[in-house]
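What follows is a short report on a single structure.
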Amino acid sequence: MARIPAGRVATYGAIAAAAHASGARQVGYALHGLGPHSKVPWHRVLNARGLISLPGAAGALQRRRLESEGVRFSGRGAVDLARFGWVAPQSE
DNA sequence: CGGTTGACTTTCC
DNA sequence: AGGAAAGCCAACC
């Protein structure tokens with residue numbers, strides 16, 4: 001996840017596959033455990049629809065951070081994964 | 001040790 | 001096309 005370049009986003013499922021995680025939910029659970037103080041770019045992680053799955057103020061913070069990195073949001077607050085979606089480089 | 005939960009995804013209706 | 005249901009697996013109580 002830390003290898004995700006700025007201005008790009010990745011889905012939970014993609015990270016799970018790249019990180020050999022057991023499932024997309026576990027990725028989200030791990031992020032929940034990290035906390036907002038972690039230096040991991042957790043804000044670049046979105047769900048399969050390109051939407052922010054994180055409710056509350058943290059979600060608003062995430063969107064703001066992504067916009068700061070150049071990620072453009074669609075009218076419904078969704079990110080175009082076809083453009084900003086990050087593909088894991090054969091990370092064994 | 002077991003039932004519930006969750007920052008998810010996919011399929012079926 | 002939009003909502004409900006099921007699948008998934010580790011953490012929590």
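Below, read A as the first sequence line, B as the second, and so on, with proteins coming before strands; counting in each chain starts at 1.
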* Would you kindly check whether a donor in the side chain of Y29(A) faces an acceptor in the base of dA7(B), or vice versa, at under 3.5 angstrom? => no
Of the candidates dG6(B), dA10(C), dA7(B), the side chain of S22(A) sits closest to dA10(C)
Quick note, S53(A) side chain, CB onward, closest among dC12(C), dT9(B), dA7(B) is dA7(B)
Between L81(A) and A48(A) the two heavy atoms that sit nearest each other are CD1-O, 3.2 Å
Checking dA7(B), dG6(B), dT9(B) against the side chain of Q26(A) (C-beta onward), the nearest is dG6(B)
Atom CG of L46(A) and atom P of dA7(B) are separated, to the nearest Å, by 15 Å
- Query: Mind checking whether I4(A) and I15(A) have side chains closer than 4.5 Å, heavy atoms only?
  - Reply: yes
Here the distance between atom P of dA11(C) and atom CG of L34(A), to the nearest Å, is 13 Å
Between NE2 of H32(A) and P of dC12(C) the distance, given in whole Å, is 8 Å
Of dT10(B), dG6(B), dA7(B), the nucleotide closest to the side chain of L54(A) is dA7(B)
| said: For a 4.5 angstrom cut-off between non-hydrogen side-chain atoms, does L46(A) reach I52(A)? | reply: yes
When rounded to whole Å, the CD1 to P distance for the pair I52(A) and dG6(B) reads 20 Å
In whole angstroms, the gap separating C1' of dA7(B) from CZ of R65(A) amounts to 14 Å
When rounded to whole Å, the CG to C1' distance for the pair N47(A) and dA7(B) reads 9 Å
Taken to the nearest whole Å, CZ/R25(A) to C1'/dC8(C) is 8 Å
Which of R44(A), R64(A), R8(A), R63(A) passes salt bridge (charged side-chain N to carboxylate O under 4.0 Å, His left out) with E69(A)? Answer is R44(A)
* To do: Report which part of the nucleic acid G13(A) touches: base, sugar-phosphate, or nothing (heavy-atom distance under 4.0 Å, all strands).
  => sugar-phosphate
Rounded to whole Å, CG of L81(A) lies from C1' of dC8(B) at a distance of 14 Å
Worksheet item: Can you get from L51(A) to V27(A) by hopping between Ile, Leu, Val, Met, Phe, Trp and Tyr side chains that sit under 4.5 Å apart?
Response: no
